[in-house]
Amino acid sequence: MKILSHQDHQPPAEGDPRSVALANDANALALPLDGVERVDLHFPCFTDGRAFSQAYLLRRRRGFRGEIRATGEVLIDQLLQMRRTGFSCAVLRAGVDAADARRQFSLFPGFYQGDALNGQPQLARGA
């Protein structure tokens, strides 16, 4: 998962059909994806998890292969779940250390359940 600092993030440019910011209450299944390379999903607060569902729907049901970027109240302890639900990039809030964020990915070597990237459970994969 790519980690960006707050100052390195550029929101989608108005009129650019390659990137889109999807509203938190929008239906991810209805988003036109022709020519879209990046979808920004927003976490308005850490208790609002609708962007997790949107990312999962984009990856699993829509088969979207482009970048799905987490913006807003991105907490480093949610990065693993973000990756597992389909996010490929996260924008850290100002003042959050990127090294601390990257360490989250070494905490758990594997998962028994399937996820947005690999739908099969670990036992079915023979791992």
Side-chain angles (χ1 to χ4, degrees):
M1 177 180 242
K2 186 163 102 176
I3 303 295
L4 292 177
S5 64
H6 183 72
Q7 64 266 17
D8 292 334
H9 169 64
Q10 294 296 321
E14 191 166 329
D16 182 0
R18 295 171 298 153
S19 60
V20 64
L22 187 63
N24 213 1
D25 58 354
N27 181 358
L29 297 175
L31 177 67
L33 293 175
D34 288 339
V36 174
E37 298 171 6
R38 182 180 113 195
V39 177
D40 287 11
L41 301 177
H42 188 69
F43 289 88
C45 63
F46 77 93
T47 59
D48 188 335
R50 292 178 286 182
F52 286 113
S53 299
Q54 289 173 318
Y56 189 83
L57 290 171
L58 287 169
R59 287 281 186 231
R60 296 289 292 168
R61 290 220 190 141
R62 301 290 306 278
F64 182 67
R65 297 288 172 232
E67 180 179 305
I68 299 178
R69 185 176 287 194
T71 65
E73 291 294 313
V74 173
L75 302 180
I76 62 172
D77 61 346
Q78 294 176 328
L79 289 174
L80 279 175
Q81 188 64 24
M82 287 177 184
R83 183 173 66 182
R84 297 193 72 225
T85 56
F87 286 94
S88 53
C89 181
V91 179
L92 301 177
R93 295 182 299 165
V96 177
D97 184 12
D100 289 340
R102 286 187 193 90
R103 271 194 292 279
Q104 298 301 308
F105 300 108
S106 64
L107 296 177
F108 299 97
F111 300 95
Y112 289 114
Q113 324 82 332
D115 57 35
L117 302 177
N118 190 341
Q120 287 188 319
Q122 183 178 6
L123 295 175
R125 294 189 302 256

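Worth saying up front: this structure is predicted, and the values here are computed from it rather than measured. Side chains included, hydrogens not; waters and symmetry mates left out as well; all remaining heavy atoms used.
Within the 4.5 Å cutoff, side-chain heavy atoms of L79 are placed close to those of V74. Taking the side chain as every heavy atom from C-beta outward, L57 and R62 never approach each other to under 4.5 Å. Counting heavy atoms from C-beta on, the side chains of E37 and E67 never come closer than 4.5 Å. Residues T85 and Q54 form no side-chain contact, since every pair of their non-hydrogen atoms from C-beta on lies 4.5 Å or further apart. Considering only heavy atoms from C-beta on, K2 comes within 4.5 Å of R69 through its side chain.
Closest approach of D77 to Q104, counting heavy atoms only: CA-OE1, 4.0 Å. The minimum heavy-atom distance between G15 and P17, with the atom names listed, is O-CD, 3.2 Å. M82 and A70 make their closest contact through SD-CB, 3.8 Å (heavy atoms, listed as atom of the first residue, atom of the second, distance). Nearest approach of P12 to A21, heavy atoms of both residues: CG-N, 3.8 Å. Residues C89 and L4 come closest through the heavy atom pair SG-CD1, 3.7 Å.
Cluster membership for L80 and I3, using ILVMFWY side-chain heavy atoms within less than 4.5 angstrom, is shared. Connection of I68 to L31 is established within a shared hydrophobic cluster, with ILVMFWY side chains joined at heavy-atom distances below 4.5 Å, either directly or through further cluster members. Hydrophobic cluster membership differs between L29 and V36, with clusters built from Ile, Leu, Val, Met, Phe, Trp and Tyr side chains linked at under 4.5 angstrom. Under the 4.5 Å side-chain heavy-atom criterion for grouping Ile, Leu, Val, Met, Phe, Trp and Tyr, F87 is not connected to V91 through any hydrophobic cluster. With hydrophobic clusters built from ILVMFWY side chains whose heavy atoms lie under 4.5 angstrom apart, V96 shares a cluster with F43.
Atom NE2 of H9 sits in a crowded spot, with more than 12 heavy atoms from other residues, nucleotides or ligands closer than 6.0 Å. Enclosure of atom CZ in R61 is not indicated, since only 12 or fewer non-hydrogen atoms of other residues, nucleotides or ligands lie within 6.0 angstrom.
Distance check, rounded to the nearest 0.5 Å: CD of Q81 to OH of Y56 gives 11.0 Å. Atom CD in Q78 sits 14.5 Å away from atom CZ in R84 (nearest 0.5 Å). Rounded to the nearest 0.5 angstrom, L75 CG and R93 CZ are separated by 5.0 Å.
Results of the side chain to side chain contact (heavy atoms under 4.5 Å, CB included) test with S88 over R65, M1, R38, R59 single out R59 as the only residue that passes.
Scanning for ring-ring contact (aromatic ring centres under 6.0 Å, His included) contacts around F64 gives an empty result, with sequence neighbours left out.
Under the side chain to side chain donor-acceptor pair (under 3.5 Å) criterion, the residue pairs touching residues 20-29 are N24-D48, with sequence neighbours excluded.
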